[in-house]
Number of protein chains: 2
Amino acid sequence: MKQNIKVAVDAIVFGYSNNQLMVLLIRRKYGEQKGQWALPGGFVKDDEGLDTAVVRELQEEAGISVSFLEQLYTFGDQVDRDPRFRVISVAYFALVNPSRLVLKADTDADDAQWFPVQELPVLAFDHADIIRMAVARLQSKLKYQPIGFDLLPEQFLFSDLEQLYATILNQDIDRRNFRKKILSLGVVEETTQKVQQQSGRPAMLFRFNKRKYQKLQKEGISFEIKFA
Amino acid sequence: MKQNIKVAVDAIVFGYSNNQLMVLLIRRKYGEQKGQWALPGGFVKDDEGLDTAVVRELQEEAGISVSFLEQLYTFGDQVDRDPRFRVISVAYFALVNPSRLVLKADTDADDAQWFPVQELPVLAFDHADIIRMAVARLQSKLKYQPIGFDLLPEQFLFSDLEQLYATILNQDIDRRNFRKKILSLGVVEETTQKVQQQSGRPAMLFRFNKRKYQKLQKEGISFEIKFA
DNA sequence: TATATTTGTGTATGCAATACGCATAAGTCT
DNA sequence: AGACTTATGCGTATTGCATACACAAATATA
């Protein structure tokens, strides 16, 4: 069986800080694309699964572990995506919550850094396209799956959640209807703690009940969220 | 760069005839799995894109060309999916309309045949899982994209369309509300032709206006269909 | 001519998304 | 201390869409 195609995995890791959606990028250390920014990723080992490979690469290149991970798409229609040789790349979509947002640059990367999605540098290969697709996936997923909580700390303000939706979906949200809708899903609980921001009325902290969500999900309940 | 992973593509091709959802399968000619039924597919050539590879394989193995094709998922978490060596498979989801449903068995296959999704034979590799995922995709896609028309002849009866939805989604549908909903989307047109079935009032033939759909889609109009 | 069969249409009801106003609990400024 | 600012928290009216449901029209068959 003669075939000479290499298999790589790449990860689009989203984070959220300072009311901005961020993507994790790595500066390439070797080869033609040296110095350019690219998605974290690398070649799959012969004896490891695709999913394992992504987790390993993220650990190696940025010292990061994610809170959500799923396959996005496999890029391999263009034979010359990679100028070195034929590479197909299985792209993964990942989210990290802020507590693990700290990076450790390591062997494969000159540098690992978070970039606002709105201000990306020039990217290697077809990675700009891949990020575009990932953003679209995030936006659509946000509407039918409670995925935003993976981008927030364990306890958060309702205004944070609202801001996150507004930022990622790039639209205004009515605070009152949003709150009503989210609470009606029955998976967000009020804690007993209040927090004072700057001025104004102090806000309650909330928490996402993942266990309850999974239970309801098994019962076939949907979580669609629609906005004006 | 040492890596020894082979890249294959597989296709889940759905057809619709006699009010049944059908899948295209191929009887394997060579190797350990000889005689077993499997999804059409094969190894990708070094100089061809993934998408091209699927189209080629479908032509070679079944002499078929499809009316809808999109990537489904890439299977490669289990290292031993294929007993021969490490293979990752990029699975594609495809639909054929009845006019092209005829098969020509060819070189790579002892036989190519349509099976009702409800009565599948024993399948090679993890192909049963793959089909399950494809059916789920078809069901969910049917609800937010006008994809059912790719399974029907160019001109069809409303009762056909309704039957198709009922069959694939496995639920009853209210004829009056269904018609109202579909027509309100504005992409299904009445032709001038009537057709006599067996007995009863003759029915009008309808046609899907793909051009109009694409135009509306660009304007950001959604096509969600909900049922009781 | 009557009966069975399938297509085609209209209207009432209920629920969920939207729009919108105001009270509350802090800090800040004078 | 009181007036003002800022952000949170809650309730109600409206509207649009999905659902439920019944009868007329056009043909074949007995």
Side-chain angles (χ1 to χ4, degrees), chain A residues 18-19 140 142-144 146 152-153 155-167 169 171-207 216 220-228, chain B residues 18-19 140 142-144 146 152-153 155-167 169 171-207 216 220-228:
Chain A
N18 296 105
N19 290 339
S140 88
L142 208 56
K143 290 178 191 163
Y144 65 87
L152 290 176
Q155 305 210 359
F156 53 88
L157 306 175
F158 233 103
S159 51
D160 289 340
L161 188 63
E162 183 200 323
Q163 261 300 313
L164 184 143
Y165 271 79
T167 306
L169 295 179
Q171 61 179 307
D172 289 339
I173 289 176
D174 183 286
R175 183 163 38 92
R176 297 156 290 188
N177 292 333
F178 179 75
R179 189 191 189 95
K180 206 185 308 175
K181 178 71 194 182
I182 296 287
L183 288 178
S184 77
L185 300 178
V187 292
V188 172
E189 297 164 347
E190 201 174 84
T191 68
T192 53
Q193 299 179 57
K194 280 188 191 175
V195 156
Q196 183 66 39
Q197 293 283 72
Q198 312 252 349
S199 86
R201 179 172 173 172
M204 296 301 288
L205 281 171
F206 289 81
R207 189 195 296 122
L216 290 171
I221 292 162
S222 93
F223 289 84
E224 261 181 89
I225 298 169
K226 296 187 177 173
F227 302 101
Chain B
N18 295 106
N19 289 338
S140 87
L142 208 55
K143 292 177 189 162
Y144 64 88
L152 290 176
Q155 305 210 357
F156 54 88
L157 306 175
F158 234 102
S159 49
D160 290 341
L161 187 64
E162 183 200 324
Q163 260 301 313
L164 183 142
Y165 270 79
T167 305
L169 296 178
Q171 62 179 307
D172 290 340
I173 289 176
D174 182 286
R175 184 162 40 92
R176 296 157 289 188
N177 292 335
F178 179 76
R179 190 191 186 96
K180 206 187 306 175
K181 179 70 191 182
I182 297 287
L183 288 178
S184 77
L185 300 178
V187 291
V188 173
E189 296 165 348
E190 202 175 82
T191 67
T192 51
Q193 299 178 59
K194 279 188 192 175
V195 156
Q196 184 66 37
Q197 292 283 72
Q198 313 252 349
S199 84
R201 177 169 173 173
M204 296 302 286
L205 281 171
F206 289 81
R207 189 195 297 122
L216 290 172
I221 292 162
S222 93
F223 288 83
E224 260 182 270
I225 298 169
K226 296 187 178 175
F227 302 101

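To find a chain, count down the sequence lines: A is the first, B the second, and so on, and within it residues start at 1. Just so you know, these numbers come straight off a predicted model, no measurement behind them.
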Residue met sooner reading DNA chain D from 5', once A:Gln198 and A:Leu183 are mapped to nucleotides:
A:Gln198
What does A:Lys180 touch in the nucleic acid at a heavy-atom separation under 4.0 angstrom: a base, only the sugar-phosphate, or nothing?
base
Of all the nucleotides listed (D:dT6, C:dA26, D:dA28), which has the minimum atom distance to the side chain of A:Ser199?
D:dT6
Nearest whole angstrom, please: distance from the P of C:dT18 to the CD1 of A:Ile173.
11 Å
Go through the N and O atoms of the side chain of A:Arg201 and the base of D:dT8, and report whether any donor-acceptor pair is under 3.5 Å.
yes
In whole angstrom, what separates B:Arg179's CZ from D:dC17's C1'?
20 Å
Distance check needed: D:dC10 P versus A:Lys181 NZ, whole Å only.
19 Å
Starting the side chain at C-beta, find the nucleotide from D:dG9, C:dG27, C:dG8 nearest to A:Gln196.
C:dG27
A:Met204 atom CE is separated from C:dA25 atom C1', nearest whole Å, by 13 Å
A:Ser159 side-chain N/O to D:dA7 phosphate OP1/OP2 under 4.0 Å:
no
What is the distance from atom CZ of B:Phe158 to atom CG of B:Leu205, rounded to the nearest 0.5 Å?
12.0 Å
Can you tell me how far P of C:dA16 sits from CD of B:Glu224, to the nearest Å?
16 Å
Whichever of B:Leu205 and B:Gly200 has its nearest DNA chain C nucleotide further upstream toward 5':
B:Gly200
Give a yes or no on whether B:Glu224 atom CD has more than 12 heavy-atom contacts from other residues, nucleotides or ligands under 6.0 Å away.
yes
Atom CZ of B:Phe178 to atom C1' of D:dC21: distance rounded to whole Å?
19 Å
With the side chain counted from C-beta on, respond yes when B:Asp160 and B:Phe206 share a heavy-atom pair under 4.5 Å apart, and no when they do not.
no
Taking for B:Leu157 and for B:Asn177 the nucleotide of DNA chain C with the nearest heavy atom, the one nearer the 5' end belongs to B:Leu157
With heavy atoms under 4.0 Å as the rule, sort A:Ser184 into base, sugar-phosphate or nothing.
nothing
Report yes if a side-chain nitrogen or oxygen of B:Arg175 is closer than 4.0 Å to either non-bridging phosphate oxygen (OP1 or OP2) of C:dT7; otherwise report no.
no
Identify the heavy atoms of B:Leu157 and B:Met204 that sit nearest to each other, and give their distance.
CD2-O, 3.5 Å
Distance from B:Ile182 atom CD1 to B:Phe223 atom CZ, nearest 0.5 Å?
10.5 Å
Atom CD of B:Glu162 and atom P of C:dT6 are separated, to the nearest Å, by 12 Å
Report the distance from atom CD of A:Gln163 to atom P of D:dA7, rounded to the nearest whole Å.
11 Å
So, does B:Arg176 get its side chain near the phosphate of D:dA20, meaning an N or O under 4.0 Å from OP1 or OP2?
no
Respond yes when some side-chain nitrogen or oxygen of B:Lys226 is under 4.0 Å from OP1 or OP2 of D:dC17, and no when none is.
no
